[in-house]
J.: 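Quick one: structure below, then a few questions.
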Amino acid sequence: MFAVQSNAANALKMINAMVPITRFNKGEAGKIIEEVKRDGIRVIVKNNVPECIMITVEEYNALIEAANKTVILNQSKEWEEKRKAWIQKVRANVQPPMPPRMSVAEALEKYGSRPIEVDEEAINELRRISTL
């Protein structure tokens with residue numbers, strides 16, 4: 001019995017959280033913002049389809065903080081060992097940059113302005129491990 005009442009209450013709460021976009025068109029944005037501050041999340045619907053969610057700044061900051069703390073737990077030990085080995089390999093082969101030996105003009109004259117092939121996956125992995 002309690003579960004049925006709880007589900008009904010949740011359904012009613014969801015229905016009350018929906019705000020038609022026409023309320024914005026009628027100049028009720030201030031009232032809607034006050035509702036969000038007082039009652040929580042509002043779902044903006046257009047043609048009965050959810051378009052966006054309104055939340056308070058505090059709720060948004062809490063979500064961002066939680067997202068930044070998220071850890072992927074379903075990685076296998078084998079995958080983790082491969083990742084660590086790859087990181088060690090990269091760190092062993094990375095040397096600090098040497099000071100330039102020629103000017104930009106000399107480099108362009110010597111090598112031209114042809115495109116350079118870049119391994120996007122390797123670049124993204126280097127960016128990721130630099131934050132570890």
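Hydrogens, waters and symmetry mates are skipped; everything else that's a heavy atom, side chains included, is used.
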J.: Do the side chains of I55 and V43 join up, straight or via other hydrophobic residues, at under 4.5 Å, putting them in one cluster?
T.: yes
J.: Restricting to side-chain hydrogen bond (donor to acceptor under 3.5 Å, both in side chains), what partner residues turn up for N61, sequence neighbours left out?
T.: none
J.: Assess whether side chain to side chain contact (heavy atoms under 4.5 Å, CB included) is satisfied between T56 and V36, documenting all intermediate values.
T.: CA-CA 7 Å; T56 63; V36 170; 3.9 Å; yes
J.: Tell me, which pairs form a side-chain hydrogen bond (donor to acceptor under 3.5 Å, both in side chains) where one or both residues lie in residues 20-29, sequence neighbours left out?
T.: R23-E28, R23-E35
J.: Among residues two or more places apart or on two chains, list those pairs meeting salt bridge (Lys or Arg N to Asp or Glu O under 4.0 Å) that have a residue in residues 45-60.
T.: none
J.: Sequence neighbours left out, what passes salt bridge (Lys or Arg N to Asp or Glu O under 4.0 Å) with K82? Give chain and number order.
T.: E78
J.: CG/D39 to CD/E34 distance, rounded to the nearest 0.5 angstrom?
T.: 10.5 Å
J.: State whether the number of non-hydrogen atoms from other residues, nucleotides or ligands found under 6.0 Å of Y60 atom OH is greater than 12.
T.: no
J.: Working to the nearest 0.5 Å, report the span between CD1 of I21 and CG of N48.
T.: 12.0 Å
J.: Let me confirm one number: the CD1-CE distance from I32 to M54, rounded to the nearest 0.5 Å.
T.: 6.5 Å
J.: Could you grab the distance from atom CD1 of I41 to atom CD1 of I53, nearest 0.5 Å is fine?
T.: 6.5 Å
